[in-house]
Structure formats: C-alpha cells, structure tokens
Trainee: 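Have a look at this one before I ask anything.
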Amino acid sequence: MTTVAFLGLGAIGTPMARHLVAPEFSLAVWNRTASKAAAFAAEHKVRHAATPADAARGADVVITCLPTSHDVAALLDGPDGLLAGMAKGTVLVDCTSGDPATSRQIAARLASKGIAFLDAPVSGGVAGAEIGTLTVQVGGDEAVLARVLPVIDAFGEKIVHCGPVGSAHALKAVNNAMLAVHIWSLAEGMAALTKAGVKPSVALDVINASSGRSNTSMNLFGQRALTRAWPRTFRLALLDKDIGIAAQVAREQKVPSPLIQLTAELFAAAHRELGEEADHVEAAKIVERQAGVEIKG
Ligand code: NDP
C-alpha cells in the first residue's frame, strides 16, 4: 500500500483527493482551514493531519495543490513544515499551477535532503477532477514519475512528461494564457455582435461551427455568460496569476509577446475590479461594462 499525503483541499484539490480514497492508498489530508480537512477525513474515513509535517510523516508521496508556488515554499520550513515530516527517498508532487523559477528552488532544497520533486499541474477543471480525467503535465526526473505514476493515475487520465523541473509549470501557464486570450477576445467580439443586433446564441452557434471556436466558445461562454449563471469553479485571481507567469516566462525567454503581456494587464485589472472570489469567465463582465451591453440569451 502506498501512503499518500494531500495538502490543499480547494476547488480542484478536493475532487482530486477523493480519487485517492481507495484500498491501494493510505491517505492523510491537511488543509489550512482545518475544518475542511476534518470534514473530508470524517466523510471518507481517512486521517486528518494536524500540520503539514504530520501529514508528511510516513508518506511515500506528498501532493500539494495550493494557489501559488510561494504558498508551497512557505509550507516547507519550521517544526510543522513538510521538511520536518518528509523522509529521504520520498517524493513531493506539486499539482499547484506554479511558477518554474520557484519550483526549481524548491526542487534544489528538497534534493539536498534526498527528496524528489515533480511539478505536476493539472488541466481539465473541476469537472475533470470529479470524474478523474485530468491531464497531468509533469516536470522532473522521468524515473521518479514512473515511481509515482499509480498515484497520479488515480486522478489523471492523460499524464505527460514535459521535461525538467519547471517545464510543466511553464506549459500550464502558457496554456492558461491562451484561455485568457480566448475569454477576452470572445467577450469583445460577442459584445460587438450583440450591439450590432446579432442574437448572442446565434453568434455563438455560428462561431462554434467555424474556425474561431475554442473551448471557451464551445463550453464556457454558453453555459456561464449567456445564461448569466456565472458558476464559480476556477477563480479569476488564479487565472490572473497564471497569465502573469506566462508573461514572465516569455520575457525571460526574450520572446516578443505583446498579446500575452497585454492580456496579463487586462486580467490583472479585471482581478482588481472583480475581487478574489470571481470566476475566471466573469472577466467578460468587464468587457460588457466597458461596452455598455450584456451578452445574454
Ligand atoms: P482554491 O482557491 O479553491 O483553493 C486553494 C487551496 O489552497 C485551499 O485549500 C486553501 O486553503 C489553500 N491555501 C491557500 N493559500 C494557502 C496558503 N498560503 N498556505 C496553505 N494553504 C493555502 O484553488 P483551486 O483548488 O481552484 O486551485 C488550486 C491550484 O490548482 C491553483 O494553482 C490553480 O491555479 C490550479 N488549478 C485550478 C483549477 C480549477 O478549475 N479550480 C484548474 C486547474 C488548475 P483554505 O481552505 O484555508 O482557503
């Protein structure tokens, strides 16, 4: 049996951790707000750890799923920190959508203690996490990935090794930069069409049968904006963080990236205006406000 610790029972971490409630795993959970971990542990009859160190004690694999790499780094130290609990030969699998530079620093610190690190951000959203069909992009040593594959396989469907530590975090950030571009450009286009008298549902229907379509047009916009339902599954604050990482990666690589840099600015402003709890698709509301139109129906 593999002993697994899962830290970070947020919107996506919770359904991921549920797949580790299985006979082949012995699971311990920790969450900053302890009541969430207590409720999860009681419901699924797994161990509720009091601290990150307590969660990591005896674990073969520790999984983190927190907002940022800085949050993960901050969990390492002190008497209650992960390093106080993790043993030599164990693996930290970081499912945070993090940043490559901080991940490389974390990996170096762990390596000095004989602990391996994989950056393993996920794609597929909360819906994919619930049904266990996430894509997991992994950076780090391929042999380490092979060792922990059964654990990642519990919540992932497509598991892809991308390169050295940090490569998966870079890839995830760039993917999410594309998502942000799609949300903003679709909102602008739909606002213009709505004002020009085209019914939004008709416009979306045609776009979805044409070359401008994307996951945003085919799934997100119809279900969330046109209905005005605006469900909250992936916080705008997190997408702002991701596109900021992508913009940073492009600058570091000296790639001229005016579109990514501008979209990062637009999402940072939307985040400031809509706050910490808004969903990522709600960025379209900023376009609507500026255009003086609602894209509905
Ligand atoms: P949430 O905001 O829903 O949850 C964040 C989790 O991290 C909570 O458990 C929270 O604890 C904990 N946390 C926050 N700050 C700290 C901290 N400083 N120290 C310790 N724990 C902390 O985020 P998600 O679950 O949506 O996202 C987690 C990661 O997965 C992010 O990097 C995100 O970008 C990525 N992701 C999310 C997707 C989604 O659809 N939601 C899709 C793909 C990737 P508490 O309960 O106390 O607030």
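Only this structure's heavy atoms are used, side chains among them; waters, hydrogens and symmetry mates stay out. When a ligand or atom number is given, it counts from 1 through the structure's own listing order.
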Trainee: Does ligand 1 have any N/O pairs with the protein under 3.5 Å, and how far apart?
Mentor:
from: ligand 1; atom 1: 2 (O); to: R235; atom 2: NE; distance (Å): 3.0
from: ligand 1; atom 1: 2 (O); to: R235; atom 2: NH2; distance (Å): 3.1
from: ligand 1; atom 1: 3 (O); to: A11; atom 2: N; distance (Å): 2.9
from: ligand 1; atom 1: 9 (O); to: L9; atom 2: N; distance (Å): 3.2
from: ligand 1; atom 1: 9 (O); to: G10; atom 2: N; distance (Å): 3.3
from: ligand 1; atom 1: 9 (O); to: N31; atom 2: OD1; distance (Å): 2.6
from: ligand 1; atom 1: 15 (N); to: R32; atom 2: NH1; distance (Å): 3.2
from: ligand 1; atom 1: 18 (N); to: D71; atom 2: OD1; distance (Å): 3.2
from: ligand 1; atom 1: 25 (O); to: A11; atom 2: N; distance (Å): 3.0
from: ligand 1; atom 1: 25 (O); to: I12; atom 2: N; distance (Å): 3.0
from: ligand 1; atom 1: 32 (O); to: L66; atom 2: O; distance (Å): 3.0
from: ligand 1; atom 1: 32 (O); to: P67; atom 2: O; distance (Å): 3.0
from: ligand 1; atom 1: 32 (O); to: S97; atom 2: N; distance (Å): 3.0
from: ligand 1; atom 1: 32 (O); to: K241; atom 2: NZ; distance (Å): 3.1
from: ligand 1; atom 1: 34 (O); to: K241; atom 2: NZ; distance (Å): 2.9
from: ligand 1; atom 1: 41 (N); to: T233; atom 2: O; distance (Å): 2.9
from: ligand 1; atom 1: 46 (O); to: N31; atom 2: ND2; distance (Å): 2.9
from: ligand 1; atom 1: 46 (O); to: K36; atom 2: NZ; distance (Å): 2.6
from: ligand 1; atom 1: 47 (O); to: R32; atom 2: NE; distance (Å): 3.0
from: ligand 1; atom 1: 47 (O); to: T33; atom 2: N; distance (Å): 3.0
from: ligand 1; atom 1: 47 (O); to: T33; atom 2: OG1; distance (Å): 2.5
from: ligand 1; atom 1: 48 (O); to: R32; atom 2: NH2; distance (Å): 3.0

Trainee: For residues 1-37, pull every pair meeting ring pair (Phe, Tyr, Trp, His ring centres under 6.0 Å), keeping only residues two or more places apart or in separate chains.
Mentor: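 Listed once each, the pairs would be none.
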
Trainee: Of all heavy-atom pairs between A168 and Q137, which one has the smallest distance, and what is that distance?
Mentor: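 In terms of heavy atoms, the two residues are closest at CB-O, 3.3 Å.
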
Trainee: Can you pull out every ring pair (Phe, Tyr, Trp, His ring centres under 6.0 Å) where at least one residue sits in residues 232-258? Sequence neighbours excluded, please.
Mentor: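 Matches after skipping sequence neighbours: F234-H280.
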
Trainee: With L149, which residues qualify under side-chain contact (heavy atoms from CB on, under 4.5 Å), at least two apart?
Mentor: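 Checked L149 against side-chain contact (heavy atoms from CB on, under 4.5 Å); matches are L145, I159.
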
Trainee: Determine, stepwise, if the pair E157 / T135 fulfils side chain to side chain donor-acceptor pair (under 3.5 Å).
Mentor: CA-CA 6 Å; E157 185 174 67; T135 294; over 6 Å; no

Trainee: With a 4.0 Å cut-off on N to O distance, would you call K285 and E282 a salt bridge?
Mentor: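 Between E282 and K285 there is a salt bridge, with a charged N closer than 4.0 Å to a carboxylate O.
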
